[in-house]
Amino acid sequence: MTIPPSPNRRDDVERAAAAAAPVPPTERFAARTSGMVASEIRALFAVASRPEVVSLAGGMPNLAALPLETLSEEIGDLVAREGQVALQYGSAQGVPALRDQICDVMREEGIEADPNDVVVTVGSQMALDLVTRLFCDPGDVVLAEGPSYVGALGSFAAYQAQVIHVAMDAEGLVPELLEEALRTLAARGITPKFLYTIPNFHNPAGVTMAVSRRQRVLDLCAEYGVGVVEDNPYGLLGFSGTRYPALRSLDRSVIYLGSFSKTFASGLRVGWALVPPAVRDRLVLAAESATLCPPSFTQMVVSRYLEKQDWRAQVKTFTEQYRERRDAMLTALETHLPEGCSWTVPDGGFYVWVTLPEGVDAKAMLPRAVTARVAYASGTGFYADGLGSRQLRLSYCYPTPERITEGVRRLAGVIEAELDVRRTFGLPAAPPRELRRGSHTPSPDTA
């Protein structure tokens, strides 16, 4: 039998409830969410997507060359013939046939792998996030090139890892600076959990790690007990025909991340991680906790594409398109950018990294650039420590060559206006001679 509360007790409860201030949901957030902030690039997309703005900001692949009619027929046939499998739950490790094919794709860069060590993920970003979750406790140190991929920095921040940047030059990560960082950290009793690196056609810097440096980087990490995570979404998109050996091809302990977003279709969100057997089981468990299982349908679309289409020829077509756009970008930079600017000369991938004259702040300049109907990604978003104010990333993968040229022309006008202001107020208008324009000073490091 339930005894109803007395009228006086009910009044007390109601008065107490009314007096209690509501607790906002934000006060219940986990401490690790403090590092989760919107990336500058995502915040920029709202204005960069306007048709009147030439966006040199985002890294969207150009899908115009895909055989869409053929693909639509293949997808329809997939649903008709294998729909009960494709539209059903699948394995958390990924479709077995696709894992076999992924090994064929990686063989293009010298990697010999067992399909059992491949874990298919919802884009390589998911793989990166899961790897960070597996290895990083709050306060752990991760080494990363400076600048580094903004999505990686977001994952490291979400798991409260501390990022130590190692500078690059025109030949990628500098082994001597890596050794210095490792030695300094070791003297403080700190062993980084891993080095995160994009050795080929770096995002955002556009440089490629010299082949002569790769084994040295691996040897240094092994000497100091540091793992290596190799992120390689652009590796097949080289413009010179050179296929650089993946770090994973030199050391089987390397965790390798790959993606079909740049070489097939980004909207399918299919990536993978190739991991040592000791890591595989825990990575599969982490994937199960994140998605239970990745979508079989998109994996089977990719698998059928690899089986039925000449995917190597398609990669070549993409590469030719991106080379044409890269050339348009470099020509426009040389033609329009004012004295005092320098930039990298990428041999593949999607990006050019520009350094502005002394005193010009790329982030502060961005609103004025958008007003001039051109958008870019400011450099500070690619550092965890506030550097990069004089840098910006330009993407040439999506706009036509004509739009690229016009976008750079508009950007040059904005930079000239910034320099005019500095001249008006008697401030230095250009850096010292050794930092002046052109491909002879392609360092992505911040001066």
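Residues take their numbers from the sequence shown, with the count starting at 1. Note that this is a predicted model, so its numbers are computed, not measured.
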**Asked** Mind checking whether Glu223 and Leu220 have side chains closer than 4.5 Å, heavy atoms only?
**Response** yes
**Prompt:** Is the shortest heavy-atom distance from the side chain of Leu195 to the side chain of Val229 under 4.5 Å?
**Reply:** no
**Prompt:** Which of parallel (below 30°), tilted (30 to 60°) and perpendicular (above 60°) describes Phe239 and Tyr396?
**Reply:** tilted
**Prompt:** Are any of the side-chain heavy atoms of Thr121 and Leu283 separated by less than 4.5 Å?
**Reply:** no
**Message:** Would you say the ring centers of Phe156 and Tyr196 fall short of 6.0 Å from each other?
**Reply:** yes
**Request:** Go through the steps to decide whether Asp104 and Arg312 satisfy the test salt bridge (charged side-chain N to carboxylate O under 4.0 Å, His left out), and finish with yes or no.
**Result:** CA-CA 11 Å; Asp104 290 336; Arg312 291 177 178 85; over 6 Å; no
**Item:** Aromatic centroids of Phe264 and Tyr305 separated by under 6.0 Å
**Value:** yes
**Message:** Taking the side chain as everything from C-beta on, heavy atoms only, tell me whether Gln309 gets closer than 4.5 Å to Arg304.
**Reply:** no
**Prompt:** Taking the six-membered ring for Trp, are Trp272 and Phe260 parallel (under 30°), tilted (30 to 60°) or perpendicular (over 60°)?
**Reply:** tilted
**salt bridge (charged side-chain N to carboxylate O under 4.0 Å, His left out) assessment of Glu358 paired with Arg390** = CA-CA 7 Å; Glu358 190 76 42; Arg390 281 181 54 207; 3.6 Å; yes
**Prompt:** Going by heavy atoms in the side chains, are Leu237 and Phe350 under 4.5 Å from each other?
**Reply:** yes
**Message:** Would you say that more than 12 heavy atoms from the other residues, nucleotides or ligands in this model lie under 6.0 Å from the CZ of Arg107, or not?
**Reply:** yes
**Message:** Could you check whether any side-chain heavy atom of Gln391 comes within less than 4.5 Å of a side-chain heavy atom of Pro147, counting everything from C-beta outward?
**Reply:** no
**Prompt:** Are Arg368 and Glu418 close enough, and set up right, to give a salt bridge (charged side-chain N to carboxylate O under 4.0 Å, His left out), and what steps lead you there?
**Reply:** CA-CA 10 Å; Arg368 294 183 281 280; Glu418 296 291 306; 2.6 Å; yes
**Message:** Surrounding CZ of Arg252 (heavy atoms of other residues, nucleotides or ligands, distance under 6.0 Å), is the total greater than 12?
**Reply:** no
**Item:** Derivation and outcome, salt bridge (charged side-chain N to carboxylate O under 4.0 Å, His left out), residues Glu109 and Arg248
**Value:** CA-CA 9 Å; Glu109 295 178 282; Arg248 178 59 172 74; over 6 Å; no
